[in-house]
Amino acid sequence: MEAKEIIARRVAQEIQPDTLVNLGIGLPSLVANYLPNDVHVFFQAENGVIGLGARPPEGMEDPDLTDAGGGFITAVPGAASIDSAVSFGLIRGGHLDMTVLGGLQVDERGYLANWMIPGKMVPGMGGAMDLVAGAKQVIVAMVHTAKGAPKILKECNLPLTAKRRVSLIVTEMAVIQPTEEGLLLKETGPDASVDDVISATEANLIIRGDVPRMRL
Amino acid sequence: MEAKEIIARRVAQEIQPDTLVNLGIGLPSLVANYLPNDVHVFFQAENGVIGLGARPPEGMEDPDLTDAGGGFITAVPGAASIDSAVSFGLIRGGHLDMTVLGGLQVDERGYLANWMIPGKMVPGMGGAMDLVAGAKQVIVAMVHTAKGAPKILKECNLPLTAKRRVSLIVTEMAVIQPTEEGLLLKETGPDASVDDVISATEANLIIRGDVPRMRL
Amino acid sequence: MKHAIKAEDAAALVPDGARVLIGGFMGVGSPHRLIDAIVARGTKNLTVIANDTAMPGKGIAKLVSAGCVSTVIASHIGLNPETQQKMIAGEIDVDLVPQGTLVERIRAAGVGLGGILTPTGIGTLVEEGKPKITVDGRDYLLETPIHADFALISAYRADYVGNLEYALTAHNFNPIMALAGDTVIAEPHHIVPVGVIPPDSVKTPGILVDHLLERQPDGS
Amino acid sequence: MKHAIKAEDAAALVPDGARVLIGGFMGVGSPHRLIDAIVARGTKNLTVIANDTAMPGKGIAKLVSAGCVSTVIASHIGLNPETQQKMIAGEIDVDLVPQGTLVERIRAAGVGLGGILTPTGIGTLVEEGKPKITVDGRDYLLETPIHADFALISAYRADYVGNLEYALTAHNFNPIMALAGDTVIAEPHHIVPVGVIPPDSVKTPGILVDHLLERQPDGS
């Protein structure tokens, strides 16, 4: 299984029925594909819809209905259009149950950096800072390393997205829960041993007893 | 002519075409009756409508359409329903061209007191503080004296509604414009001489040349 | 999907001593059946946050008359002499807040702001005890969020997702309060199947609403 | 009543050096005909306040390419490499603001608030130079209003009073920006007679709108 699919499948298991979930663009957006049919959730696109639906059939796109990446979407029955003040009001106000975001780095404190590489790439934070500051649960969905270099560090050296401990880190190699004591290794990926995870991670990992494999 | 009619007729002359106007309950609400037919304005009721219309015919009341005093109203073509955050956003944000309010006292600084008499009457300020702080023009429409006692004072002894110089005071005896130098007597009422106004007013009045009578 | 519940079951969710936001303006757009059910239940010591306490015999005034209320946070109590009498008699604490400030403080709680700076109240009794902050040479009061355990609101139409539409001046505080209660109970005039309310007409997304009151048994 | 005006006449109202709020999210819900008219006119030194600068060839990106823009205040420029290049080359100043903070700062300007306290950006580069205020034990940044000379917005439907409706995700910043420009120019897809838009469907009251763009000559 490809890394991205492993990650998306595993994150999908975290989604609870009848919640409001925001999926970032790129890898996180794949999570919707692996949600069990009987789990009903509302997806939010922060540009202004609650009840984001699948991509429309060719020729049935509406130029006024897109996701935060600018891609055409549909709206599920019971959807609501909202303006940006309401959309971010829901996010900042704690009404969003979960956000799934990509990451450049996460550190032992559980802090995320995902919005700029100084002198190199300055796309802007978009909605990421509000999402990380405001969502009830923040899940970081990312590949474990970048060109072999660890992305889970002792301390982020890229600018932080928020000074808030994220809820969970899901990679193709591990499920890691940031806690007050540090990063707790909860599961390993289908093809990764505990030692594999340790050697691909700069941060210290807390390992308690036998660490189970992901069930996908 | 009754005092209230004099006041309402005179205030109506201040209203400019194509503006947004808020009339307080009681005396100020009478102003709408004396607007020339060719002057189109939108009236706001701060409880949530722009485009307040006349009282509905008996039997045609809508329980969901009232003014800020709770009385049944209609909506003119082009009306808009708004929630309280938008309604007061318009008021505080300087989008309201004029508010006409009743007054208990106004003083030489042009400050208005109209929301409580300590130990006696504490109705609450409702929207008055926002209206006086935010409207582009604030007109105080009130009878000149209360049981013979002046209401236009050197300094208000009742709690202020706002520390903002109101634009104009209209009574049955006078039109007075608060300025940086003090209260300028602009016009006298149909039945009042300059001396009458001075003796019914505690505040000093600035009198420049001949003071014209109101033309009603 | 939400099952609509009876007014008495909704009232039972609100314990003695709760802080409750209640929508409406002089009784227009208030959740009347829910208020009646709370009166019938005899809930005590409520802190009621609302624009006003209506007029005797109507809406929130019924809660005041029935002795359900120990604190009122409102902008206006002038049309309800009973609230004023109980305030003077020391039976009810009343905190008066300018209307525009009240709605922004409720909104701040709902949208996760720590407060807002408003010019309203500067130089008046309202500024007592509040930090004054100068921005661009102008003074503002720092006004803090008003949180509540419950928001009891009224709506024109709901679907079973909980999406809400409002009518005319019955909007007032309802859409803002729907953001700010830990538990939101909505009393709609009508409930329609999911998909009937167009996305652009929804003013309160259903994810904010915890409970819907069922229609009147006679369908009215 | 407002007479609808031509895009070129609307563009002529916006002088060199103006601060302009422009609605839209990645080009969706942007006033495209108005943008084209500004490009055609060659207006210079605009400060553009918008969520993003879209992607090359679309919406606000056209203003960037045409050299109309000297400053951008936005939350995201990642899909427009040209904005990034001009920023690095020093041709455009870019001020990046978190999206939720951006919309609240614009709203604050529109509704007369002196600022808002937000938790967003605490502990990040965003907090540089901003007062930190603690409310109820939690830290917030004081974020100040963003005013502008113009708001250039897009809408689904207008009437000749200027009332506006928006469609789906083309709402985005438009209804908020309509509050915050000294002069508001709206580009609707459709214009209907007064009275056709129900009061409950109006999201921007016409009194906020100064100018309406006429429909396309071909009626599209």
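A, B, ... follow the sequence lines: proteins, then strands. Residue 1 opens every chain.
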Legend entry - Under 4.5 Å from a heavy atom of chain B, the part of V202(D) involved: both
Legend entry - chain B contact via D200(D) - which portion, at a heavy-atom distance below 4.5 Å: both
Inset, instruction - Find the one option among S81(B), G89(B), G94(B) whose heavy-atom pairs under 4.5 Å with chain D are most numerous. - result: S81(B)
Just wondering, more than 12 heavy atoms not from [X] lying within 6.0 Å of its [atom1]?
X	atom1	answer
K163(B)	NZ	no
Y156(D)	OH	no
K154(B)	NZ	yes
K130(D)	NZ	yes

Inset, instruction - Using modelled atom types only, decide if a donor and an acceptor are shared between the side chain of H95(B) and the backbone of L179(D) within a distance under 3.5 Å. - result: yes
Legend entry - Test item: I207(D) and D97(B) side chains (from C-beta on) under 4.5 Å apart, heavy atoms: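 SC-SC contact between I207(D) and D97(B) ruled out.
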Inset, instruction - Could you have a look at A180(D), P199(D), S201(D), P145(D) and say which one has the most heavy-atom pairs with chain B under 4.5 angstrom? - result: P199(D)
Legend entry - Least distance between heavy atoms, N163(D) atom then G78(B) atom: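 Reported closest heavy-atom pair: ND2-O, 2.8 Å.
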